[in-house]
Amino acid sequence: MPVRAGLFVEGPPPALLAGHCRGCANHHFPRQPVCPYCSAETVDEVLLRGPGRLWVHTAVTAAPPGYEGEVPYGFGVVELPEGLRVVGRLTEAEPARLRPGQPMVLAVVPLHVDDEGREVLTYAFAPGDTEPRDR
Amino acid sequence: MPVRAGLFVEGPPPALLAGHCRGCANHHFPRQPVCPYCSAETVDEVLLRGPGRLWVHTAVTAAPPGYEGEVPYGFGVVELPEGLRVVGRLTEAEPARLRPGQPMVLAVVPLHVDDEGREVLTYAFAPGDTEPRDR
Amino acid sequence: MRAVEVAGIGIHPFGRHGDRTVTDMGVTAVRGALAEAGVGRGGFQAAFCGTAYGGVATGHKVLGALGMTGMPIVDVEAGCASGSAALMLASSAIAAGQYDTVVVLGVEKMPKGIIRSSFFEPWQEEAGLAATPAYFALRAARLMATSGVTKDHLAAVVVKNRRQGVGNPDAMFRAEVTAEDVLGSRLVCEPLHLWMLCSPNEGAAAVVLRAAGSSGARPGAGAGPAPVRLAAAVLRSHLPGAVLSESTPLAGLVDDSVVPPTTLAARVAYEMAGVGPEDLHVVECQDTDAARELLSYEELGLCAPGAAADLLDSGATSLGGRLPVNPSGGLLSKGEPLGASALGQVVELVRQLRGEAGPRQVPGARVALSHTVGRGANAGVVVLTR
Amino acid sequence: MRAVEVAGIGIHPFGRHGDRTVTDMGVTAVRGALAEAGVGRGGFQAAFCGTAYGGVATGHKVLGALGMTGMPIVDVEAGCASGSAALMLASSAIAAGQYDTVVVLGVEKMPKGIIRSSFFEPWQEEAGLAATPAYFALRAARLMATSGVTKDHLAAVVVKNRRQGVGNPDAMFRAEVTAEDVLGSRLVCEPLHLWMLCSPNEGAAAVVLRAAGSSGARPGAGAGPAPVRLAAAVLRSHLPGAVLSESTPLAGLVDDSVVPPTTLAARVAYEMAGVGPEDLHVVECQDTDAARELLSYEELGLCAPGAAADLLDSGATSLGGRLPVNPSGGLLSKGEPLGASALGQVVELVRQLRGEAGPRQVPGARVALSHTVGRGANAGVVVLTR
Ligand SMILES: [Zn+2]
Ligand SMILES: [Zn+2]
């Protein structure tokens, strides 16, 4: 099950559930009823599938508060062709194996198994070999 | 062991650890380094042993947050001869058995047993037959 | 000093709202207030948010979800008076010329039952001294011991407010109750039964304040409702010595002359607004429990000391009476989302002054007073006029 | 508008203080500030308290312990800028004539390690997205990717601030460190090593503000130290769109032109104070991590965009240089008790302007700037002069 409803679709192929504002034409994530950039209320839900390019990255080496999954894990920002920079986990936990600008594809990854035995999933970005389309 | 250090002495006879201000001559409880009424820093520690008179009372019928002892328990304010009104537990949990103005004596009562097997104690007031001295 | 007016109000109903977050509820309230005021993005210069348990950056989250940030956003905590504190800061700043238009919001999402308050130290919890309703009960018992107030009066306050709340679509409880129902509900702490206590719950309320005469309206926006004047918004803390003060000390003095924070705030508010209690047409006051409403009558000067039961018995404070108190149904009907409750009162009173209160309208209301008091101690008194 | 001056300062050392409560520490700081200002009970008309995790009624508890209540006491939360927010509210109110003398305090008692912030939603924690130092690391990595800043520069900031902190008796860490020590400490999130991050800790600071020329001094009190002018105290939130903003959004735009909140606040503060970055003699800035200090150089206009490494390399920002930054040792030496940190900076800068900073004195300092920024986002910029 997704770690939060309304964040992504599992696919395949997976996609982020984003908002697209008819007022300012910007995308936002997660999808909200009001545009967080221009306050317009004309927001459509769109699916963003990537691929994108890595913008900046690091790795988390110690479990942050409330996190029960494995460490280390990659952490960074990916630029999607729609003009959006998205914060997320990276499947690659060794920063030296990644370089800014490289193609990244969207993935859905397991976090941990909850008290009722269900696998909890989240979105993440994985190194890919597909070049993103131009904006 | 006392629920908090510096609150009371177990006795017998038990006593509240109060402050007496040389500036305004008022008492306060618990004892503080600065007088909470006049801001003077000339505070002496004094032992208040009672008895006092019941000023107002009720009983708590459901355990409040963080409380692991028994319910119901009495709860009220006792006027001590030193001119102090003190909030505390009452050993009598049936409000109808108490009346404002009646003599109350200081007691030390068990709350619960802690993780290390120690009995945790607090101060309380019990109905007494000793008339308080005049102020 | 410039005059300050309420240019718009908004509210998210008080109640239980499941998955709706503090941010969701705040957005609803703020959008409502902005729409009424005809104010859009860039149309206000500061925001003040009252919340006690909303957590870090509560106001920022609400305004961020609306894409309206960049200005100073100040999150304030003043217990049950958090919204009054936000209103005091905002109105003072406008009066002083610091800002022309300000958004004030209050939000809260509280768990059911007795709230675990960060106010108490762990040892107080362990000793059973963090029993919030017990302190209310002691105040009620003292009121009964020193005046003609009886348990029947406590029940009558609940009956009155629940009846008035029937007409309020933003209230949590909208069914009338009888005195028998109230006295038959579970005894929490003698003399207070469960139905005499308000329920902590969830909700949000917002107002847009504006310097009178300044034009903050968006071009093309309608004229909107007639503005209501914010004549005073005062916050005061407690003086030391009163053992049953909302500051919840462990001890106090044998001294019944300590002026309570509500009276401290009311005196200043009356002076600022140039009115007295005899000039009021409608009041919303802190009815955390039924006795607290009666005590507020005295502390606000609505009646002489000791005369609260008589005032209630006279019917003056019921809808249709001389000075209706809590026409919204009060916290006893609405529930109490701490940060939102004061602004919820202001929303009600603005509706009353505009003549938009529907079945609970106080005819011809022109001078209104809002009162909150709670942990801190903080007391907030707001006077609104038209 | 009236001029505002700092009439007194007080501080409780930042560090680990075991059983000392937030109230205990606040009392120490407030007593110090009141004593310097020659102000006693009844000598101030309002109090503002900054705290992020102090809980309900934090300021009331401090002032209650001193027997100094009854006036409005407002508790504000603005993350790392909580103290700046309190200072902004207090100074604006004095400038506007609302009060003559106000107590401003900041207090915090934080657990060790990464703080569990109420800022994040539970699902963000569950997904590992509540990793506060990772966001700092991404900002550091971007700074390195877009300027000449290297990991050696990050280590050099720590070496500088820790060296400066040796002379500050109120700091938690008072031993010099080498670049090798810093780079050899545990890697937290590339490029940030443990010693490049400040430690959340415990402490309190307070100031008494007064309308210039007003006499708030207690009869018989000494003249006290020469007053320092509070020339500006500005708070601003973030504009939307910057993915690495302290507002910590999950997404942002491909747009590097969004003005950060620090710059928004600094521009207004410079204008209010009638000075520019070139007029400053000493700065205390937010060094939550080593990269944050360098970023602050740019955002405050202390150097051109991209030139922070050069400014550091030149020695200008070290004690003895043209514009010493964080002579107190910064948060890297003092630790960061959130609500207290901004007022801790102001305490340091007032000492600098009075010439009382001992071994870390900046000779002839007459214009000083304090800067905090954090969750909200909130940025506070304060300008002090003599
Ligand atoms: Zn838009
Ligand atoms: Zn005294």
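Atoms considered below: every heavy atom in the structure, side chains included; atoms not considered: hydrogens, waters and symmetry mates. Just so we're on the same page: letters track the sequence lines, and every chain starts at 1.
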Quiz item: Taking all non-hydrogen atoms of both residues, which atom of B/P65 and which atom of C/E125 are closest, and how far apart?
Solution: O-CB, 3.5 Å
Practice problem: Determine the minimum heavy-atom distance between C/A131 and B/V60, stating which atoms define it. | Solution: CB-CG2, 4.0 Å
Quiz item: What are the two closest non-hydrogen atoms of C/A130 and B/P64, and how far apart are they?
Solution: O-CB, 3.7 Å
Quiz prompt | B/V120, part contacting chain C, at a heavy-atom distance under 4.5 Å | solution = side chain
Practice problem: Specify which of C/C189, C/G128, C/P122 makes the most heavy-atom pairs with chain B at under 4.5 Å. | Solution: C/G128
Quiz item: Under a 4.5 Å heavy-atom cutoff, which of C/A137, C/P240, C/A141, C/A127 has the most pairs with chain B?
Solution: C/A127
Quiz item: Minimum heavy-atom separation for B/F29 to C/A251, with atom names?
Solution: O-CB, 3.5 Å
Exercise. Using a 4.5 Å cut-off on heavy atoms from C-beta on, say whether the side chain of B/L7 contacts that of C/W123.
Key: yes
Quiz item: For the atom pair CD (C/Q124) and OG1 (B/T122), what is the distance rounded to the nearest 0.5 Å?
Solution: 10.0 Å
Exercise. With B/W55 as reference, evaluate C/L138, C/V243, C/V254 under the side chain to side chain contact (heavy atoms under 4.5 Å, CB included) test and give the passing residue.
Key: C/V243
Practice problem: Flag the pair B/T61 / C/R186 as yes when at least one side-chain heavy-atom distance between them is below 4.5 Å, and no otherwise. | Solution: yes
Exercise. Check each atom of C/A145 against the heavy atoms of chain B and say whether the ones under 4.5 Å are side chain, backbone, both or neither.
Key: neither
Exercise. Give a yes-or-no answer on whether the side chains of C/E126 and B/H112 include a donor-acceptor pair shorter than 3.5 Å.
Key: yes
Exercise. Go through the atoms of B/P36 and report whether side chain, backbone, both or neither lie under 4.5 Å from a heavy atom of chain C.
Key: backbone
Quiz item: Does CG in C/D256 sit with more than 12 non-hydrogen atoms of other residues, nucleotides or ligands closer than 6.0 Å?
Solution: yes
Self-check item: Check: C/L250 and B/P30 side chains under 4.5 Å, non-hydrogen atoms
Solution: yes
Quiz item: Around B/E94, counting heavy atoms of other residues, nucleotides and ligands shown, do more than 12 lie under 6.0 Å from its CD?
Solution: yes
Quiz prompt | Inter-residue atom distance B/F75.CZ - C/L129.CG, 0.5 Å rounding | solution = 5.5 Å
Quiz item: Can you tell me how far the CZ atom of B/R85 sits from the CG atom of C/L244, to the nearest 0.5 Å?
Solution: 8.0 Å
